[in-house]
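Numbers restart at 1 for each chain; the letters A, B, ... are given by sequence-line order, proteins then strands. The model shown is predicted, which means the values in this text are computed figures rather than measured ones.
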Amino acid sequence: MITFWFSVVVLAWVLFFVLEGFDFGVGILGPVLGRDDHERGAAVRTIGPFWDGNEVWLVAAIGVTFAAFPAWYGALLSGLYIPMVVLLLLLAVRGVALEFRGKGDGERYRRRADLALALSSLGIVLLWGALLAIFTRGLAIGADGQVVGSGLSRTLGPLFTLPALLGASAALVAALLLGATFLSLRTSGPLRRRSRALARWGGTGGAVALVVAGTATGSPLVLAAAVLSFGTGLLARTSREALAFTTAALIVAGSVVAVFTTHGQVVLHSTVDPAFALTRTSAAATPQALSLITWAGVLILPGVLAYQAFSYYVFRRRVASERVPS
Amino acid sequence: MDVLDLTRLQFAVVTIYHYFFVPLSISLAASAAGLQIAWLRTKKEHYLHLTKFVGKLLIVTFAVGVVTGLVQEFQFGLGWSAFANFYGDVFGPTLAIEGMLAFFLEATFLALWYFGWDRLPRLVHTACIVIVAVGTLLSAFIILAANSFMQNPVAYALDPVTGRARLTSFTELMLNKVNLAAFPHTMSGAVMVGGALLLALGVWRLAADPAYGVLARLGAWLTLVGGGFTALTGDHLGKVITEVQPMKMAAAEALYETTSGAPFAVFATGKPLPEFALEIPWLLSILAKGDPGATVQGIDDLQAQYAAEFGPGSYVPMIPVAFWTFRLMIGAGMLAMVIGGYYLWRTRKGRRAPRWLTRWLPLIPLLPAAANTFGWIFTETARQPWIAFGISKVADGISPGLTSSEVIASLAGFTVVYGVLAVVWLRLVRHLARQPLVASTPASSSADLAPVY
């Protein structure tokens, strides 16, 4: 039961990072690849109908974590208090910028919305990357299950470390790759051309960086990611857009699974003393609560997946980024 | 202020702010669904235009509600991890089920509806907005059940080993009698604030298009009827609360001594209130127990009783806050209802409302919004010192490691970002209302392209 719910938690996080990953990527790339107001609008329209439903996977992930592993939820969020708050604020700016962009008046308003969208998406991606890296390292959990430290540095400190920095840059590359392959899949015209070029270069460049990192750390997982990244670039070159996007999504999904299973049964590693770490069993809810959410999950989630798929089906047409003469 | 006060203040700030957008979304979704069904049945074009207008209001309001609601989902872990830990079995599944059952529905179908006008068959498209409206009600019901647990814990058992509360029955948790009373009360309040917004915008733009007159009258009806239901359900909720949290109602009345045939003070002054009071005889007894001669327990007796039951300490909430928020809630809500009714009367059979009325009506949403806010401040502050009544105190719920500087920083961040969002939202709503109701149909740039998949 506990293993099952751990997998559900990981699945919800994977879906969040993949689905919102391309939203963030598109958010950053909008002003970069879109040369004028019309093209930037087209970029935003590719994710317009989806971003909110995708973001609910974050609600689901955090909700399921809370339900199945309350102690993990509490320790993780209170232990990363400041970064999490910043993340929530950036997510607020991102969502509102996206939704408000097309409804205000004038190009200047939209340019500002685009800028807010791109900067907040960028911040979110960097922060998530750093947080995932911090997560693999563990937190300074003391004997009472709480992160020790004083003042702001208690929860802000871990952000300014080398692993966090590496995590942030890796996440940025991944989000850009995901965003570029999504854009090339969902648009036509100049935006499609440019995002394909970016996916090509990004995929190859990412592969090179990953090979270096993989040989330095001797990690076969990183080398596998390098192969996938190279594959993404190659597929983008040969105009297999759907496959290129899927491959990029696989990189993200694989990385998230790898991050969550770094410490095996330990869900939150303690850098103070391994004995203070949280394990799946020590963090889990009671069997009654688990069976309740099992019922709810089994009944509800297949439906959710079905109607979300339906929504992707309804909005399956490409968004034109070229000017349509009217 | 210590870290506990700061964290409480932060929870209050982000939750009250979130709750400006929640009732609006609930009632705008229902209004949009109603208008679209009216259009389908009558084929009158102005219903279609109003549906699209309300839809735009809904989508910008919903967006702010979503991003501020996400904060709520994290709050329990960020600032209240001890609470999350002890009550995780009760709260966690509730939040998870709310997310899986309601939020996905709302988010996905709202997008399908908003972007799907020419992609979906008419009936399927209408079903989408109905599903959104149902989703908002579902999530309100589930989250109010979680709140009702804090007011009146039910369906739990304390684990003797870990000391944690564990859920014994989900149905019982949902059907908490406080929830059954609070849900209709809260929903009526939501109808009022959404109605008041439609009334305000309709009146403000009356000159631009006669369809706004329809919107204004719809809004006025919602304000009036919502107000009536708010009063009825509020009366019932008051009786339930008198039963499960007598201290809260005693505080709302600043009633120190247990009294039979207790009067209701409309107004009171004095340090601990009331020194001078304007009272309506027997009314409190009627409100609390439905009987003019009934005995209402006073604060002093309850304090003694709780001290004996739960150990030494103060169990008295902030009396003036409870006393005044309770009255302001009723006053603001009833005033809005009366104004809504008055507008309907003055515009009956196509008459025109007087100028002074139409000049001030655009401010009317402030009244029910204030009533909602006062209601929540009342119900949550008068629950103090408990986080879950009778089993756990607020002071025991806070995240143990949390530092003051962290909370000051986050509170500042929330204040700044939320402040900016409020300004942007308000300006956008104004901008949307200024647009012509009948869009000049810009050549749809989405010339049908080949499907991607």
Side-chain angles (χ1 to χ4, degrees), chain A residues 48-49 52-53 56 59-60 62-64 66-67 70-71 73-75 77-78 81-82 84-85 88-89 91-93 95-96 99-100 103-105 144 146-148 150-152 154-155 185-186 188 242 285-286 288-289 292-293 296-297 300-301 304 307-308 311 314-318 320 324 326, chain B residues 56 59-60 63-64 66-68 70-71 73-74 76-78 81 84-85 88-89 91-93 95-97 99-101 103-104 107-108 110-112 115-116 119-120 166-167 170 399-403 405-406 409-410 413-414 417 421 424 428 431-432 443 445-453:
Chain A
D52 195 2
V56 181
V59 178
I62 207 76
V64 169
F66 190 2
Y73 165 86
L77 291 188
S78 66
Y81 183 85
I82 291 284
M84 284 293 176
V85 169
L88 288 170
L89 291 174
L91 280 167
V93 172
V96 167
E99 206 64 84
F100 283 17
K103 287 165 198 81
D105 199 22
D144 59 351
Q146 298 296 321
V147 169
V148 293
S150 63
L152 283 178
R154 181 182 79 108
T155 52
L185 179 66
R186 295 275 300 125
S188 67
T286 57
Q288 291 95 324
L292 167 68
I293 50 171
I300 302 167
L301 284 180
V304 171
Y307 62 68
Q308 285 213 330
S311 129
V314 169
F315 302 109
R316 65 195 176 281
R317 293 183 194 283
R318 286 181 189 273
V324 185
S326 50
Chain B
K56 277 188 204 147
I59 205 144
V60 298
V64 185
V66 166
V67 298
T68 54
L70 192 59
V71 175
E73 198 89 2
F74 282 68
F76 300 101
L78 289 170
S81 68
N85 221 344
D89 270 21
F91 251 64
L95 289 184
I97 290 173
M100 292 191 290
L101 190 64
F103 291 161
F104 275 123
T108 313
L110 184 60
L112 273 169
F115 294 97
R119 304 266 160 96
L120 291 168
R166 93 193 135 65
L167 189 62
F170 185 70
S399 302
L402 204 58
T403 63
S405 40
E406 284 173 325
S410 61
F414 280 121
V417 173
L421 286 191
V424 176
L428 190 55
H431 170 77
L432 289 174
S445 54
S446 56
D448 264 3
L449 292 160
V452 191
Y453 32 78

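At least one side-chain heavy atom of Arg154(A) sits under 4.5 Å from a side-chain heavy atom of Tyr81(A). The shortest side-chain heavy-atom distance between Gln288(A) and Leu167(B) does not fall under the 4.5 Å cut-off. Contact of the Leu77(A) side chain with the Phe76(B) side chain is not registered, since no non-hydrogen atoms from C-beta on lie closer than 4.5 Å. Side-chain contact check for Lys103(A) versus His431(B): every heavy-atom pair is 4.5 Å or farther apart.
Remark: Ser78(A) engages Gln146(A), Ser81(B), Ser399(B) in a side-chain contact (heavy atoms from CB on, under 4.5 Å) (not counting sequence neighbours). By the side-chain contact (heavy atoms from CB on, under 4.5 Å) test, Thr68(B) pairs with Tyr17(B), His18(B), Val64(B), Tyr418(B), sequence neighbours left out.
Chosen from Ile293(A), Val85(A), Leu91(A), Thr286(A), the residue pairing most often with chain B at heavy-atom distances under 4.5 Å is Thr286(A). Between chain A and the options Phe103(B), Phe104(B), Phe170(B), the largest number of non-hydrogen pairs under 4.5 Å is found for Phe104(B). For the options Leu101(B), Leu78(B), Leu95(B), heavy-atom pairs under 4.5 Å to chain A are most numerous at Leu78(B). Of the listed residues Gly99(B), Ser405(B), Ala111(B), the one with more heavy-atom pairs under 4.5 angstrom with chain A than any other is Ser405(B). Among the candidates Asn85(B), Val417(B), Asp89(B), the residue making the largest number of heavy-atom pairs closer than 4.5 Å to chain A is Asp89(B). Counting heavy-atom pairs closer than 4.5 Å to chain A, the top residue among Val424(B), Leu428(B), Ile97(B) is Leu428(B). The residue among Ala75(A), Ala71(A), Gly95(A), Ala242(A) with the most heavy atom pairs within less than 4.5 Å of chain B is Ala71(A). Contact tally against chain B (heavy-atom pairs below 4.5 Å) for Val56(A), Leu152(A), Thr155(A), Leu292(A): the top residue is Val56(A).
Expressed to the nearest 0.5 Å, how far CG of Asp52(A) lies from OG1 of Thr108(B) amounts to 8.0 Å. Within the model, atoms CZ of Phe74(B) and CG of Leu88(A) stand 5.0 Å from one another, a figure rounded to the nearest 0.5 Å. The structure places CZ of Arg317(A) at 11.0 Å from CZ of Arg186(A), a figure rounded to the nearest 0.5 Å.
Proximity to chain A (any heavy atom under 4.5 Å) is restricted, for Leu432(B), to the side chain, taken from C-beta onward. In this structure, the portions of Val59(A) lying under 4.5 Å from any heavy atom of chain B include both its backbone and its side chain. Heavy-atom distances place no part of Leu110(B) under 4.5 Å from chain A, backbone and side chain included. Interface residue Val60(B): backbone and side-chain heavy atoms are both found under 4.5 Å from chain A. Both the backbone and the side chain of Ala285(A) have a heavy atom closer than 4.5 Å to some heavy atom of chain B. Contact annotation for Ile59(B): both backbone and side-chain heavy atoms come within less than 4.5 Å of a heavy atom of chain A. Proximity to chain B involves both the backbone and the side chain of Val314(A), based on heavy atoms less than 4.5 angstrom apart. Looking at Gln308(A), the atoms closer than 4.5 Å to chain B (heavy atoms on both sides) sit in the backbone and in the side chain alike. Proximity to chain B (any heavy atom under 4.5 Å) is restricted, for Ile300(A), to the side chain, taken from C-beta onward. Heavy atoms of Ile82(A) lying under 4.5 Å from chain B belong exclusively to its side chain.
Heavy atoms only, all atoms of each residue included: Glu406(B) and Gly401(B) are closest at OE1-O, 4.5 Å. Pairing each heavy atom of Ala320(A) with each of Ser188(A), the nearest pair is CA-OG, 3.5 Å.
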